[in-house]
S.K.: 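Pasting in a structure now, in structure tokens, and then I'll have a few things to ask.
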Amino acid sequence: MVKYWQLAEKYGCDVLELNFLNEFGLSHGLVIKKGGQDIAEDQAYRVMSRRRRIVLPTQVHGCGICRVDSMFDKFYPDRVEADGLMTDRNDVMLTIHTADCLPLFLASSDRSCVALVHAGWKGTAEKFAARAVEAFCGEYGVNPRELVAAIGPGIETGCYQVGPEVAEQFPAEYVRPDASGRWLLDLRNANRDQLLAAGMKPCNIYVSDLCTRCHSEMFHSYRREGKLKGKMIAFMEVPDD
Ligand SMILES: [Zn+2]
């Protein structure tokens, strides 16, 4: 059986790595629960930041992607409001928080620049993934056909019930009615299709089938827990080499 992900003990916490990205030599991960215990975020950040400067945005469910360049430290000494980060610096680690929303890992296949995107239903409805690819390719002069992307663990269609006010913001192919008369939303395919529409090749896109709501031993889930006790930390960085 093909193993699509693996657990690594990194930075003092449990980290899920996607083998698809490992095959491209891309340094990334998702900090998850350790033995079912909540993620100690402060501790995780403290340990991770010994390695590199951590960039931690304040997420607003928008479509802003911030370039972390040489001027970043000067103009953003604290936190930046954004749901996406991109960089070609090899001295920073990009991070975002997710619970049921999708973490989208993006990189040029030569590993010279990387991006991390947080896509919930709002960002997905506004085609954030496609806009992020466009911004990334524009900033770094990369052809979308040379991009690699992975959509990490998030909520699956069967677990993601939404009301009509959300469902109506999506094309019919991504919503289906459930037995209770509400709708189920397919965030994964909506985002995958946006990456394709932005010019990416199907073989360069991986979509994780791990559902954050089903796997309580590994993930926090807003839909399962309601008031969250913690969130996962997705991270990505330009490799040292
Ligand atoms: Zn599920």
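Atoms within each ligand, like the ligands themselves, are counted from 1 in listed order.
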S.K.: Just by distance, do the side chain of Asp83 and the backbone of His61 share a donor-acceptor pair under 3.5 Å?
M.R.: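 Yes, because the side chain of Asp83 sits within donor-acceptor range (under 3.5 Å) of the backbone of His61.
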
S.K.: Taking the Zn ion (ligand 1) as the center, what protein N, O or S atoms are found at less than 2.8 Å?
M.R.: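 Hits for the Zn ion (ligand 1) below 2.8 Å: Glu156 OE2, Cys159 SG, Cys211 SG, Cys214 SG.
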
S.K.: Do Ser109 side-chain atoms and Val148 backbone N/O form a donor-acceptor pair below 3.5 Å?
M.R.: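 It does not hold such a pair.
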
S.K.: Report yes or no: does Arg224 contribute a side-chain atom to a donor-acceptor pair with the main-chain N or O of Thr212 at less than 3.5 Å?
M.R.: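 Checked: pair present.
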
S.K.: In Å and rounded to the nearest 0.5 Å, what is the CD to CE distance from Glu41 to Met232?
M.R.: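 Those atoms lie 10.5 Å apart.
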
S.K.: If I take atom CG from residue Leu106 and atom CG from residue Leu85, how far apart are they, to the nearest 0.5 angstrom?
M.R.: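 Between atom CG of Leu106 and atom CG of Leu85 there are 12.0 Å.
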
S.K.: Let me confirm one number: the NZ-CZ distance from Lys33 to Phe219, rounded to the nearest 0.5 Å.
M.R.: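 Reported to 0.5 Å precision, the distance equals 10.0 Å.
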
